[in-house]
Amino acid sequence: MGHSGFFQPLADGLKFILKEDYRPKHVDKVLFTIAPAIMIIVIIISIAVLPVGRHQAIDAAGHRAYSKRS
């Protein structure tokens, strides 16, 4: 969807929110609903910036970012 699949995660998230809810009767409703969102947030935060060396890092898009700290 979109240019090189750029909007695919947005479409998947929207589908997830609007999808009919399938939940077993014996589970905690709140935890069952928010657990996937918590996992996705943790994964995105963990790959947001990957430190490589003393003055460089690679962001999630694969671009090198340089800092000029003394």
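Values in this document were obtained by computation on a predicted structure and should not be read as measured data.
- In terms of hydrophobic clustering, with Ile, Leu, Val, Met, Phe, Trp and Tyr side chains grouped at heavy-atom distances under 4.5 Å, Met39 and Ile44 are assigned to different clusters.
- Taking a 4.5 Å side-chain heavy-atom cut-off between Ile, Leu, Val, Met, Phe, Trp and Tyr, the cluster of Val27 extends to Phe32.
- Note that CG of Asp12 is 9.0 Å distant from CD1 of Ile40, once rounded to the nearest 0.5 Å.
- Leu14 pairs by the side chain to side chain contact (heavy atoms under 4.5 Å, CB included) definition with Leu18, not counting sequence neighbours.
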